[in-house]
Amino acid sequence: MEIRLYNTLTNQVERFEPLTAGRVKMYSCGPTVYDFAHVGNFRSFLFADLLRRFLEASGLDVWHVMNITDVGHMTDDAVADGTGEDKMQVAARRLKEDKKSGKVDEGAVANPDDPYEVANYFMHAFLDDGRKLGLKVASEYPHRVPKATQFIPEMQQMIATLIARKHAYVGSDGVVYFSVESFPSYGQLSGNTLEALRVGAGGRIDIDNQSCKRHPADFMLWKPDPKHIMKWDSPWGAGYPGWHIECSTMSMRVLETDVLDIHTGGEDLIFPHHECEIAQSCGATGNELFSRFWMHARFLLVEGEKMSKRKGNFFTVRDILSGKATGTPVHPAVLRMELIKSHYRAHSNFTTKGLTDSANTVRRLTELGQRLRDACGGVPKKIDRADHPVTKAFMGALANDLNVSEAMAVVHAWISSPGEDPAEAYGVLLALDQVLGIWEIAANDCQARDPEGDIAASLCAMIDEARRARDFSAADAHRQRLIQLGYEVRSSSDGTSAKKKLA
RNA sequence: GGCUCCGUAGCCAAGUGGCUAAGGCAGCGGAUUGCAAAUCCGCCAUGCGUGGGUUCAACUCCCACCGGAGCCUCCA
């Protein structure tokens, strides 16, 4: 099966073949751990996860690495080269507030002024969220989830190489800068030219900050700053690394290669972050390419509006799952479904309506799964993905630049008529779910997580009793009560059962 | 100002230079049910932002316009 993926580098869909046959080396820009991850973050992370799972289902051995940015970068790092406020200090302040308001447990971070503790706290929060949502790489911490603070010497080594190769210089302010003019193809990824970058930006470049640099687009590799909250010794003075260098360093180290197959991230990272990564990496290795494919997920909108930290209209994963955002607790499988079900290169609009739609799909899929599993005694038939008509159509759709809509159309059709043989159908479900990751996280805990299960069970018994006595108004009243409690109620010849709604 | 992208039924959302424009949700009709829910069957865009153009043929290509979004600035 030919896999075709859109490559930001060339602006077109291209045939994908890994550099080494059978093995894919893939790097995804991960979170900066100074706050809880929000649904927009996870749209991008789960896009990478879907891609990874699809490649695995295609028979490839995928090395998927996602970094944790735990260096205390500055809030204005990218444009102004290290002005603004330290992100870890911002986090510390917020943590203290959150502790007071009870949003964060009192004992969670003993000392909010210790940036390592803060980063560690939010990193584990991220990994927890990730595991709940079926983000496979989150279960591969630490070997596939490197932390920037653990690669400082390697970053310094790369900076020294860049200086030696004349790609970097120490500015008059003592800061080590990458010289974009030393790298003629700077701008290729984002469609920029050096001239446009110099002239453009609508006069938004801060003049004061530019005098020490050779070109306005030159970016920081190392900033000496003895007052910085997280700092390390270096040949250029005690300070901290630039924002971009960690990804160049860690991707090559952890993936054990200097040419990656795929590099993913959110669309906002195309410029400057990924542009800078390419320049640094190729500058240091001398290679033409840093990553062969660059893939970017478009932003998630919330009820039609862009979410941003500035606007404050963003929801963390925790807000959604706990029901704080929508008023109803949301099962992680539902949130996963909602975040993966639309094409990664289109804006996805996160809405409560979408969430209930997704809940429907998850319910149908898991109920079918439970039925099939019971019917075949939990022993699936082995399915040849390339051969079985359902999985073949599903994989074929995804092979076309991850056409998830078409793939889901296959899934919906199959749910309605899964075939005669439950063992085969269960095999199909497991094969599909290797990519979807829904059954995997919803199969067993839909009931277990219900704290009011006892009340629901007794109300169900009361309904059955009333129905037997043909007291239908009493039965209806009990049913209404269950619905108000957030249950879906069903009566059949086997009696009445109630399930907590998934969203 | 520069650079991208999008506009398909009430909503979400695929798709193709030419058979009857996927799928989901909602809605409607039916089976089922005490009534529901769930399930199953059936129906649901003569049209794909607007106006031109290319073509035997366009929703699909080109141009213009209108509307929307993103990046260039913390951000996935």
Side-chain angles (χ1 to χ4, degrees), chain A residues 8 11 28-32 35 37-48 73-80 84-85 87 90 187 190-193 195-197 199-206 217 243 264-273 275 296-301 304-311 314 338-339 341-349 351 353-354 356-361 363-364 367-368 397 400 403-413 415-417 463 466-467 470-473 475-476 479-480 482-483 487-493 496-499:
Chain A
T8 308
N11 267 310
S28 299
C29 282
T32 300
D35 198 356
H38 56 71
V39 285
N41 296 129
F42 265 90
R43 146 98 154 158
S44 156
F45 302 150
L46 289 176
F47 143 65
H73 289 297
M74 308 305 281
T75 50
D76 297 341
D77 247 2
V79 58
E85 194 176 1
K87 287 178 178 174
V90 176
S190 55
N192 280 310
T193 62
E195 202 42 43
L197 287 168
V199 177
R204 288 179 234 220
I205 288 174
D206 177 3
W243 171 40
T264 76
E267 61 171 325
D268 58 312
L269 297 181
I270 296 171
F271 187 90
H273 186 53
E275 201 73 75
H296 296 95
R298 301 279 269 172
F299 271 127
L300 175 93
L301 307 176
E305 274 202 46
K306 190 196 173 190
M307 69 177 211
S308 75
K309 296 193 177 180
R310 271 192 192 149
K311 278 192 197 158
F314 75 94
E338 178 63 15
L339 292 175
K341 77 178 178 190
S342 59
H343 189 79
Y344 74 95
R345 275 194 297 121
H347 288 291
S348 105
N349 191 9
T351 60
K353 168 80 163 55
T356 51
D357 282 5
S358 294
N360 228 313
T361 307
R363 180 185 53 73
R364 274 163 48 93
E367 283 179 3
L368 174 64
N400 178 22
N403 190 337
V404 119
S405 299
E406 193 184 324
M408 284 312 296
V410 174
V411 172
H412 280 116
I415 289 176
S416 294
S417 26
I463 289 172
R467 292 180 80 225
R470 302 198 67 78
D471 182 358
F472 296 124
S473 66
D476 289 348
R479 183 161 64 204
Q480 269 317 113
L482 270 169
I483 290 168
Y487 286 87
E488 293 174 44
V489 187
R490 287 186 212 166
S491 292
S492 72
S493 50
T496 300
S497 67
K499 279 182 82 169

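Below, chain A is the first sequence line, B the second, and so on; all start at residue 1. Every heavy atom of this structure was used, including side-chain atoms; hydrogens, water molecules and symmetry mates were not.
The side chain of A:Arg467 approaches B:C35 more closely than any other nucleotide in the set B:G23, B:A76, B:C35. Which of B:A76, B:C5, B:A13 sits closest to the side chain of A:Arg298 comes down to B:C5. Of the candidate nucleotides B:C72, B:A14, B:A76, B:C72 has the atom nearest to the side chain of A:Phe271. When each of B:G70, B:G24, B:A76 is scored by its nearest atom to the side-chain atoms of A:His347, the top-ranked nucleotide is B:G70. Distance from the side chain of A:Glu267 is smallest to B:G70 among B:A76, B:G34, B:G70.
One C1' atom belongs to B:A22, the other to B:A13, and the distance between them is 10 Å to the nearest Å. Nucleotides B:C48 and B:U60, compared at atom C1', are 10 Å apart to the nearest Å. B:C19 and B:G24 have their P atoms separated by 23 Å, given to the nearest Å. Look at the P atom in both B:C65 and B:G29: the space between them is 48 Å, to the nearest Å. Between B:G70 and B:A45, the distance separating the two P atoms is 33 Å to the nearest Å. Here the separation of B:C59 from B:G53, taken at their C1' atoms, is 16 Å to the nearest Å. Only the C1' atoms considered, B:G51 is 25 Å distant from B:G15, to the nearest whole Å. Between B:U73 and B:C11, the two P atoms lie 36 Å apart (nearest whole Å).
With a 4.5 Å cut-off on side-chain heavy atoms, A:Asp357 and A:Glu338 do not count as touching.
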Nucleotide by nucleotide, nucleotides 37-45 of chain B touches protein heavy atoms under 4.0 Å in the pattern (B base, S sugar-phosphate only, - none) BSSS-----
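For A:Asn11, no side-chain nitrogen or oxygen approaches OP1 or OP2 of B:U4 to under 4.0 Å. Not one side-chain nitrogen or oxygen of A:Lys353 sits closer than 4.0 Å to the OP1 or OP2 atom of B:G24.
Across all strands shown, B:A21 forms no Watson-Crick or G-U wobble pair with both key distances under 3.5 Å. The base-pairing partner of B:U46, taking Watson-Crick or G-U wobble contacts with both distances under 3.5 Å, does not exist among the strands shown. In this entry B:C74 has no Watson-Crick or G-U wobble partner, no candidate having both defining distances under 3.5 Å. Base pairing annotation: B:C35 forms no Watson-Crick or G-U wobble pair, as no partner gives both donor-acceptor distances under 3.5 Å. In this structure B:C61 sits in a base pair with B:G53, meeting the Watson-Crick or G-U test at under 3.5 Å. When Watson-Crick and G-U wobble pairs are counted only if both distances are under 3.5 Å, B:C5 pairs with B:G68. With a cut-off of 3.5 Å on both Watson-Crick or G-U wobble distances, the partner of B:G29 is given as B:C41.
One donor-acceptor pair, N or O on each side, does fall under 3.5 Å between the base of B:C35 and the side chain of A:Arg479.
Base contact: A:Leu300 has a heavy atom under 4.0 Å from a base atom. Heavy atoms of A:His343 sit under 4.0 angstrom from primed sugar atoms or phosphate atoms, though from no base atom. If you check every strand for non-hydrogen atoms under 4.0 Å, A:Asn403 touches sugar and phosphate atoms only.
One can place CD of A:Glu275 at 17 Å from P of B:C71, the figure rounded to the nearest angstrom. Atoms NZ (A:Lys87) and C1' (B:C74) sit 7 Å apart, rounded to a whole Å. Following rounding to the nearest Å, A:Asp357 (CG) and B:G10 (C1') show an atom-to-atom distance of 13 Å. The separation between A:Phe45 atom CZ and B:C75 atom P is 12 Å, rounded to whole Å. Atom CH2 of A:Trp243 is separated from atom P of B:C74 by 8 Å (rounded to the nearest Å). Atom-to-atom, CD1 of A:Ile270 to C1' of B:C5 comes out at 11 Å; the value is rounded to the nearest Å. Nucleotide B:C5 holds its C1' atom 13 Å from the OH atom of A:Tyr344, rounded to whole Å. Put simply, CG on A:Asn400 is 18 Å from P on B:A22, counting in whole angstrom units.
With hydrogens and angles ignored, the 3.5 Å screen pairs no side-chain donor or acceptor of A:Glu275 with any backbone N or O of A:Ile270. With hydrogens and angles disregarded, no donor-acceptor distance shorter than 3.5 Å links the side chain of A:Glu267 to the backbone of A:Ala297. Between the side chain of A:Asn403 and the backbone N or O of A:Asn400, no donor-acceptor pair lies under 3.5 Å. A donor-acceptor pair under 3.5 Å is absent between the side-chain atoms of A:Arg43 and the main chain of A:Leu301, judged by distance alone. A donor-acceptor distance shorter than 3.5 angstrom exists from the side chain of A:His38 to the backbone of A:Asn41, with no hydrogens or angles considered.
When each of A:Gly40 and A:Ala346 is assigned the nucleotide of RNA chain B with its nearest heavy atom, A:Ala346 is the one assigned upstream, toward the 5' end. Residues A:Leu301 and A:Asp476 each lie close to RNA chain B; by heavy-atom proximity, the contact nearer the 5' end of the strand is made by A:Asp476.
Of the N and O atoms on the side chains of A:Ser358 and A:Lys341, at least one donor lies less than 3.5 Å from an acceptor on the other residue.
Taking 4.0 Å as the cut-off between side-chain N and carboxylate O, A:Lys499 and A:Glu488 do not count as a salt-bridged pair.
With rounding to the nearest 0.5 Å, the separation of CZ in A:Phe45 from CG in A:Leu339 is 11.5 Å.
Taking each heavy atom of A:Trp243 and A:Pro272 in turn, the nearest pair found is CZ3-CG, 4.4 Å.
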